[in-house]
S.K.: 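Handing you a structure now.
Residue numbers start from 1 in every chain, and the chains themselves are labelled A, B, ... in the order their sequence lines are given, proteins ahead of strands. The basis for the numbers below is simple: all heavy atoms, side chains too, and nothing from hydrogens, waters or symmetry mates.
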Amino acid sequence: MSSIQVQLIESIQAGLSSLFQIDEKDLSLQETKKEFEGAYTFVVFPYTKKAGKAPAQIAQTLGDYLIENKPQLVKAYQVVQGFLNISLHDSVWYGLLQDLSNDSSAFQLAPKNEKIVIEYSSPNTNKPLHLGHLRNNFLGYSVAQILKAGGYEVIKTNLVNDRGIHICKSMLAYQLFGNGETPASSGMKGDHLVGKYYVAFDKAYKAEIEQLVATGSDAEKAKAEAPIMLQAQAMLLAWEQGEPAVIQLWETMNSWVLEGFAASYKQMGVDFDKIYRESNTYLLGKKLVDEGLAQGVFYQKPDGSIWINLEEEGLDEKLVLRKDGTSVYITQDMGTAQLKYEDFGAKQSIYVVGNEQDYHFEVLFHILKKLNKAFSQGNYHLSYGMVDLPSGKMKSREGTVVDADDLMQEMVDTARERTLELGKIEGFSEEESNQLFQQLGMGALKYFLLKVDPKKRMLFNPEESIDFQGNTGPFIQYTHTRICSIRRKALEKGFPMSGKSDPNITLAESERELIYLLGTYKTKLAEACENFSPSIIAQYSFDLAKQFNKFYNELTILNEENEDIRTIRLTLADLTGKTIQHATSLLGIVSPERM
RNA sequence: GGUUCCGUAGCUCAGUUGGAUAGAGCAACUGCCUUCUAAGCAGUAGGUCUUUGGUUCGAAUCCAAACGGAAUCACCA
């Protein structure tokens, strides 16, 4: 909340108290709707009973009180249908602009002295990344950026899921059909190469099932007894027993995939402080199961499998260790939770994982609580919705996915086409051009995926592709380049980008609105922090860019003769540019200087 | 079937503690580049906020029910 709002609220509180003997602690002030004159609106309806007066009358009295007691702040007021609309002096807006412009910590909230661990990406090493992973990675990275700006110490982690039956499937298919090909020999990116064999496994598996069914076996039995599936299970067992040849193959193929992922991450512009691998954490999980069993948190069934009863929590019985003693998904997550706590001792731990795993995390957090560990508290599942295609859900096995690398490349290519069509980048070196296409293509993609509330599922239509006009990343980036252009020209002409002006100058409506918006940035930042929601920042960036363009079109900046007015407009442009630059950086988007 | 989430313009989405005539973008139509970058700006048109009840000065927002959609309920991860 800005100091202006605080002053107004305090003054209204005082007014309510002295005029009507009403003591109200939390009263809210809202922005006046555009159709009406004024900056802030106070709604008086809730106080009609206590005051024993009509709304309009209360508003009127209160308005007079404000003018009398805050003459330097409140310029005028209007009462419309019982709403008290308050207009402020332009000098107040001018003062706010100066304060914002001189605030050295305008984009950083006060330090919280608190660590937060955020886990995101969490890929499986049996196939390449797809569109859903892009949403995950952009979200995780952006939330980390936002929390940092919010004053937290943030540690970014990635838990690589590198073991399990699904990994063995691609390994087996490679063994059977691979003929020793490698990323180097095939010219394929490592993750794509391995993904090819994951699909090959599924194809062979389905063919075997079909054959079994054709020879009289029933479908369920065929699924369980298909030879290739039995082979995969045998391979998992061999892996768990550490059989050298299997381990060797596993290490080789994993390294291919991880190399491929590293390239994708680089292209995405995301990074991690620490990468965990489930192959290293599942044993720790088993230890926790032993402990829990000793404490009576878990119990063992006759067949040897270990369970937890969460019926009191409104959930079910849940398996935590198989009868053969091998770990399941949740066992590994328990281990990783402990490891992360040992490494960083953070108070809060955020998991960025899709909402199809809501139930899993509910169970995990209940288990951790029952184990009563130091890391039992402060866990939060940042659950986001699926990215849908018009044709329905994406399925890796069936090849109905939008590949992450392909999509990013397409976006960059589109950015190139668009830019060359417009013909505005004369004098760019090839390197500069390519960098720009990257920034624009990725900006469009990131904005597209981040502008939607994370909780909601969203639709991606490859046919219509991603736009570069309107509510898009490039629109915001474009606004930034306009401002950069003004900066360059102001420098040429020797105009300062900020400075003192006559505070009693009359402002245009578009200037007031722009100042108002700039003044709300920190509030938005705090809100985005609380809700772990980049979409709040994205929305704000768009509103700000939109408002700036309106101002830019209505008023001249560099050609303004009056020096006081020109300086104010330059200050506005400069601060808008810095704010856009900062806000987009929180989304992982680079704002170029020319485009 | 149980649990959870969702339903706002033709399409994609905003709308945080209940507030005025529900907002953007895309698509359609109309204007604006010899003047700071037209990836822009201004405007027209487009709505039973799924439906029905309830709570109250006041509901897209809160409550209940119905309808429609999604996820999940594995000794997969």
S.K.: Phosphate oxygens OP1/OP2 of C76(B): is one of them under 4.0 Å from a side-chain N or O of K169(A)?
M.R.: no

S.K.: Would you say the ring centers of Y351(A) and F365(A) fall short of 6.0 Å from each other?
M.R.: yes

S.K.: Considering only atom P, compute the distance from U50(B) to A60(B) and round it to an integer number of Å.
M.R.: 10 Å

S.K.: With no hydrogens and no angle check, do the side chains of S170(A) and N126(A) hold a donor and an acceptor under 3.5 Å apart?
M.R.: no

S.K.: Mind checking who U56(B) pairs with, Watson-Crick or G-U wobble, both distances under 3.5 Å?
M.R.: none

S.K.: Once you apply a heavy-atom cut-off of 4.0 Å, does L440(A) come out as touching a base, just sugar-phosphate, or nothing?
M.R.: base

S.K.: Assign V43(A) to base, sugar-phosphate, or nothing according to its heavy-atom contacts below 4.0 angstrom with the strands shown.
M.R.: base

S.K.: Relative to the 5' end of RNA chain B, which residue comes earlier, D453(A) or L319(A), by the nucleotide with the nearest heavy atom?
M.R.: D453(A)

S.K.: Do the side-chain N or O atoms of R482(A) get closer than 4.0 angstrom to the phosphate oxygens (OP1, OP2) of A38(B)?
M.R.: yes

S.K.: C73(B) P sits how many Å from N355(A) CG, rounded?
M.R.: 12 Å

S.K.: Check every strand shown and say whether S383(A) touches a base, only sugar-phosphate, or nothing at a heavy-atom separation below 4.0 Å.
M.R.: nothing

S.K.: Heavy atoms under 4.0 Å, any strand shown: does T472(A) hit a base, just sugar-phosphate, or nothing?
M.R.: nothing

S.K.: When you compare A74(B) with C67(B), how far apart are their C1' atoms, in angstrom units rounded to a whole number?
M.R.: 31 Å

S.K.: Say we look at A27(B) and A22(B): how far apart would their P atoms be, to the nearest angstrom?
M.R.: 25 Å

S.K.: Does one side chain, of D467(A) or T472(A), offer a donor that lies under 3.5 Å from an acceptor on the other?
M.R.: no

S.K.: For nucleotides A59(B) and C49(B), find the distance between their P atoms and express it as a whole number of Å.
M.R.: 12 Å

S.K.: Using whole Å, what does the distance between atom C1' of nucleotide G2(B) and atom OH of Y359(A) come to?
M.R.: 10 Å

S.K.: Between U35(B) atom C1' and I557(A) atom CD1, what is the distance in whole Å?
M.R.: 13 Å

S.K.: Checking contacts here: which listed nucleotide (C75(B), C36(B), U21(B)) is nearest the side-chain heavy atoms of W307(A)?
M.R.: C75(B)

S.K.: Under 4.0 Å between a side-chain N or O of R488(A) and OP1 or OP2 of C36(B)?
M.R.: no

S.K.: Which nucleotide in the set C41(B), C26(B), A20(B) lies at the smallest distance from any side-chain heavy atom of N549(A)?
M.R.: C41(B)

S.K.: For G1(B) versus G40(B), give the span between their P atoms, rounded off to a whole number of Å.
M.R.: 48 Å

S.K.: Report yes if at least one side-chain N or O of K546(A) is closer than 4.0 Å to OP1 or OP2 of C41(B); otherwise report no.
M.R.: yes

S.K.: Select from L436(A) and Q357(A) the residue whose nearest nucleotide in RNA chain B is closer to the 5' end of that strand.
M.R.: L436(A)

S.K.: Considering just the side-chain nitrogens and oxygens of S28(A), establish if one lies under 4.0 Å of OP1 or OP2 belonging to U17(B).
M.R.: no

S.K.: Nearest whole Å is fine: how far is G23(B) C1' from Q30(A) CD?
M.R.: 16 Å

S.K.: Output yes if the stacking criterion (under 5.5 Å between centres, under 30° between planes) is met for F83(A) over the base of A20(B), else no.
M.R.: yes

S.K.: Using Watson-Crick or G-U wobble geometry with both distances below 3.5 Å, tell me the partner of C49(B), or none.
M.R.: none

S.K.: Out of G40(B), A77(B), C75(B), which has the shortest distance to the side chain of N553(A)?
M.R.: G40(B)

S.K.: May I ask you to verify whether the side chain of K49(A) and the base of U56(B) hold a donor-acceptor pair under 3.5 Å?
M.R.: no

S.K.: Please report the distance separating the C1' of A64(B) from the corresponding atom of U72(B), rounded so that it comes out in whole Å.
M.R.: 25 Å

S.K.: Using the benzene-type ring in the case of Trp, are the ring centres of Y540(A) and Y521(A) under 6.0 Å apart?
M.R.: yes

S.K.: Is there a side-chain polar atom (N or O) of K456(A) under 4.0 Å from OP1 or OP2 of G7(B)?
M.R.: yes

S.K.: Which nucleotide sits closest to the side chain of Y552(A): A38(B), A77(B), A20(B)?
M.R.: A38(B)

S.K.: Between A20(B) and K33(A), is there an OP1 or OP2 to side-chain N/O distance shorter than 4.0 Å?
M.R.: yes

S.K.: What's E527(A) touching, base or sugar-phosphate or nothing? Going by heavy atoms closer than 4.0 Å.
M.R.: base

S.K.: What do you reckon, do F45(A) and the base of G58(B) stack, with centroid distance below 5.5 Å and planes below 30°?
M.R.: no

S.K.: As a test of reading the structure: which of G40(B), C36(B), A20(B) is closest to the side chain of I486(A), going by heavy atoms?
M.R.: C36(B)

S.K.: Given that both distances must come in under 3.5 Å, which nucleotide forms a Watson-Crick or G-U wobble pair with U35(B)?
M.R.: none

S.K.: Could you state the CE-P distance from M229(A) to C76(B), rounded to the nearest angstrom?
M.R.: 10 Å

S.K.: Rounded to the nearest 0.5 Å, what's the gap from NZ on K34(A) to CD on E509(A)? Could you check?
M.R.: 9.0 Å

S.K.: Looking at the angle O4'-C1'-N9-C4 for a purine or O4'-C1'-N1-C2 for a pyrimidine, is C6(B) syn or anti, with syn meaning within 90° of 0?
M.R.: anti

S.K.: Considering only C75(B), C36(B), C13(B), which nucleotide approaches the side chain of D303(A) most closely?
M.R.: C75(B)

S.K.: For L445(A) and U12(B), what is the distance between atoms CG and P respectively, to the nearest whole Å?
M.R.: 19 Å

S.K.: Could you tell me whether D162(A) and R277(A) make a salt bridge, using a distance below 4.0 angstrom between a side-chain N and a carboxylate O?
M.R.: yes

S.K.: Any strand counts, and the cut-off is 3.5 Å on both contacts for Watson-Crick or G-U wobble. Which nucleotide pairs with C67(B)?
M.R.: G7(B)

S.K.: On a whole-Å scale, what distance lies between the C1' atoms belonging to G46(B) and G68(B)?
M.R.: 24 Å

S.K.: By nearest atom, which of the nucleotides A14(B), A24(B), A38(B) is closest to the Y478(A) side chain?
M.R.: A38(B)

S.K.: Identify whether any heavy atom of M458(A) sits under 4.0 Å from a base atom; if not, whether one sits that close to sugar-phosphate; answer base, sugar-phosphate or nothing.
M.R.: sugar-phosphate

S.K.: Look at the rings of F448(A) and F460(A) and say which category their plane angle falls in: under 30° parallel, 30 to 60° tilted, over 60° perpendicular.
M.R.: perpendicular

S.K.: Could you state the NZ-P distance from K524(A) to G15(B), rounded to the nearest angstrom?
M.R.: 9 Å

S.K.: Does R322(A) have a side-chain nitrogen or oxygen under 4.0 Å from the phosphate oxygens OP1 or OP2 of A77(B)?
M.R.: yes

S.K.: Side chain of D316(A) only, heavy atoms from C-beta on: which candidate in U35(B), C73(B), A14(B) is closest?
M.R.: C73(B)

S.K.: Has N158(A) got a side-chain atom pairing as donor or acceptor with I275(A)'s backbone, closer than 3.5 angstrom?
M.R.: no

S.K.: Does any nucleotide pair with A27(B) by Watson-Crick or G-U wobble geometry, both distances under 3.5 Å, and what is it?
M.R.: none

S.K.: For U72(B), which nucleotide is its Watson-Crick or G-U wobble mate, given both distances must be under 3.5 Å?
M.R.: G2(B)

S.K.: Starting at atom NZ of K318(A), determine the distance to atom P of A77(B), rounded to an integer number of angstrom.
M.R.: 11 Å

S.K.: Mind checking if N85(A) touches a base, just sugar-phosphate, or nothing, with heavy atoms under 4.0 Å?
M.R.: base

S.K.: Could you check which of A77(B), A20(B), C36(B) has an atom nearest any side-chain atom of Y329(A)?
M.R.: A77(B)

S.K.: Base, sugar-phosphate, or nothing: which does P46(A) touch, judged by heavy atoms less than 4.0 Å apart?
M.R.: base

S.K.: Just checking E554(A): does its CD atom have more than 12 heavy atoms from other residues, nucleotides or ligands closer to it than 6.0 angstrom?
M.R.: yes

S.K.: Can you tell me, in whole Å, how much space there is between the C1' of U56(B) and that of G19(B)?
M.R.: 12 Å

S.K.: What is the ring orientation for W250(A) with W239(A), classed by angle as parallel under 30°, tilted 30 to 60°, or perpendicular over 60°?
M.R.: perpendicular

